[in-house]
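Inspection log for the structure reproduced underneath, given as structure tokens.
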Amino acid sequence: MSDAPRVEINHTVFPDLDPSAPSNRHATESLSQPTTTNGSANGNLAQSAQKAGNSILESKLPICDSHTTFLPTNNHVAATHAMNAASNHPSVQSAKDTVVNGEMPDKHAQTLTLTIAGPVGQNVQAEATKTRDEFADLANSRQTPDHKAATGQNLTHYHSMFYRLLSWKNPRATGIAFAATILFIFAARYLNIIRYGLKLLYLTLGATATAEIAGQAAFGRGLTSQFRPRQYFTIPKASLERLLDDVEQLINFFVIESQRIVFAENVYATVAAFFASLISYFLIKFVPLWGLTLIATLVTYLTPLIYIQNKEAIDAQLEKGRQIASQQATQIKGLANQHAGNAAKTVQGYTQQYTAKAQETINQYRGRSASPEVKKEAFPAAPKQDLTSASTQDFPAAPRHDLTSELDAKPIAQPAL
């Protein structure tokens, strides 16, 4: 037979150990009744554990050898009942199922998750899940939009992505991108990134070279070479092609948008770009380049957010301003038409007046001969006496000099056209 100690319980000697005894009936009934609620089960478990602890501390077990019969007391019974109650608790059973089967029932899984994680952990996990989903949605939005440019050309998929980013449809992703841009601007301003990069590079190269040389000197083989991979990392051709395609799309995004702004495809965007360039022209005298970049980033991200938060009020004010501008344009157009009509009438009157004068002048010169007009008084009177009886003295003397020189001195007047 085995020399292990044997425990014999005599119910006649120890009536308290009998489960059917009146003193133990309450404990037996409490163990046989099912647990109704999680709260009451936790309370019974806590009370049973406390009773078991007190009983064990108060108990004094005698030292016995291998042939001594162990006789338990009421304290041991209470401890046994507490252990059974703890082992039968739903939470403990769920933990056992998780360890053994690797899975957890839905009802008990939720209870255990709430107990372990708590509301703070659940909120963190929910926010992380939402953020991951929003970034995935932002990445999936990189698709060529259906609408095209005014020239009929297809736009790039970055048009859709930047529109979704700046429209705050994914607020967590947009907020993280905005904060990252601000941090990068300040880091570039106050941190010498190039210097720190060079420092990291020489520290890394120095550590690897030192480890290799020291290992060869001490152990006969270098330490760095022991971590060398079997095959160096290379970038696959497909990845490079996708990267180059994205770079091409990004460059074409800026090229297309600049041309759309210059040629006023969207007049509001052109006006906004005009004011932005005008303000930047004056600010560049006082604000450094990183300051202008910071201002541009704030305006780019916060202007759509302000518009979305106050869309109704801003649209109402814009509509009111559009109506006022339309009324002023109509009034200015009426005044311009009135002044144009008056000017046309004045020009028409002057035209008719000068036309009449010109016609009169033309009529005055119309019908004149090529020779100068000869008046009647310019000729001498015809003789009235009989010329047969006239003597030589009655006629004027004939000229004796050359008449050509006189004709050259007095040219004949040309007719007026």
Side-chain angles (χ1 to χ4, degrees), residues 131 134-135 138-139 141-142 144-145 149-151 153 155-205 235 239-240 242-311 314 317-318:
T131 304
E134 288 188 3
F135 273 106
L138 184 63
S141 66
R142 293 195 308 169
T144 303
T151 57
Q153 292 175 287
L155 301 177
T156 64
H157 57 252
Y158 278 101
H159 284 82
S160 301
M161 191 193 74
F162 282 126
Y163 172 77
R164 195 167 188 84
L165 177 67
L166 298 178
S167 60
W168 291 85
K169 292 185 177 181
N170 297 315
R172 294 172 181 82
T174 305
I176 292 174
F178 175 54
T181 306
I182 297 297
L183 290 177
F184 177 77
I185 292 173
F186 280 103
R189 170 63 181 86
Y190 294 103
L191 298 178
N192 196 342
I193 300 177
I194 299 177
R195 184 170 179 269
Y196 287 124
L198 293 176
K199 182 179 180 179
L200 178 63
L201 179 62
Y202 83 74
L203 288 177
T204 303
L205 296 178
I235 301 176
S239 300
L240 285 176
R242 288 195 299 267
L243 178 61
L244 293 176
D245 182 67
D246 286 340
V247 173
E248 176 193 1
Q249 292 288 322
L250 182 62
I251 294 174
N252 285 330
F253 165 76
F254 290 104
V255 172
I256 292 175
E257 282 302 309
S258 61
Q259 294 179 85
R260 294 175 71 187
I261 291 174
V262 170
F263 294 104
E265 181 174 335
N266 187 353
V267 65
Y268 297 105
T270 304
V271 172
F274 161 73
F275 282 108
S277 58
L278 180 63
I279 295 173
S280 300
Y281 171 76
F282 290 103
L283 288 180
I284 197 64
K285 300 178 181 178
F286 315 102
V287 182
L289 183 60
W290 72 272
L292 286 179
T293 307
L294 180 62
I295 294 173
T297 303
L298 293 174
V299 172
T300 303
Y301 278 94
L302 297 182
T303 301
L305 180 61
I306 295 173
Y307 174 74
I308 292 171
Q309 296 295 331
N310 307 277
K311 189 175 187 304
I314 294 176
Q317 295 298 324
L318 291 176

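Heads up: numbering here begins at 1 and tracks the sequence.
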Could you tell me whether the side chain of D246 reaches within less than 4.5 Å of the side chain of R142, counting heavy atoms only?
yes
Walk me through it: do L298 and I182 pass the test side-chain contact (heavy atoms from CB on, under 4.5 Å)?
CA-CA 9 Å; L298 293 174; I182 297 297; 4.1 Å; yes
Could you tell me whether the side chain of T270 and the main chain of I261 form a donor-acceptor pair under 3.5 Å?
yes
Those residues at least two apart in sequence (or on a different chain) that pass side-chain contact (heavy atoms from CB on, under 4.5 Å) with I235 are F233, S239, L240
Roughly how far, to the nearest 0.5 Å, is the CD1 atom of I256 from the CD1 atom of I251?
12.0 Å
Less than 4.5 Å apart, any side-chain heavy atom of S160 and any of P145?
yes
For T174, which residues count as a side-chain contact (heavy atoms from CB on, under 4.5 Å) partner, sequence neighbours excluded?
L165, W168, Y301
Quick one: pull up OG1 in T204 and NZ in K199 and give me the separation to the nearest 0.5 Å.
11.5 Å
Would you say S280's side chain and S277's backbone share a donor-acceptor pair under 3.5 angstrom?
no
From I308 atom CD1 to T303 atom OG1, the distance as rounded to the nearest 0.5 Å
11.0 Å
Just wondering, more than 12 heavy atoms not from I194 lying within 6.0 Å of its CD1?
no
Any F135 side-chain heavy atom under 4.5 Å of T131 side chain:
yes
Going by heavy atoms in the side chains, are L155 and R260 under 4.5 Å from each other?
yes
Quick check for you: to the nearest 0.5 Å, what is the distance between T297 atom OG1 and L292 atom CG?
10.5 Å
To the nearest 0.5 Å, tell me how far L305 CG sits from N310 CG.
9.0 Å
Pairs where residues 245-274 contributes a residue and the test ring pair (Phe, Tyr, Trp, His ring centres under 6.0 Å) is met, not counting sequence neighbours:
H159-F253, F162-F253
From F275 atom CZ to I279 atom CD1, the distance as rounded to the nearest 0.5 Å
8.0 Å
side-chain contact (heavy atoms from CB on, under 4.5 Å) between L294 and F186: does it pass, once the steps are laid out?
CA-CA 9 Å; L294 180 62; F186 280 103; 4.0 Å; yes
For E265 and A150, the nearest pair of non-hydrogen atoms, with its separation, is OE2-N, 3.2 Å
Hey, is the main chain of T156 close enough, under 3.5 Å, to the side chain of Q249 for a donor-acceptor pair?
no
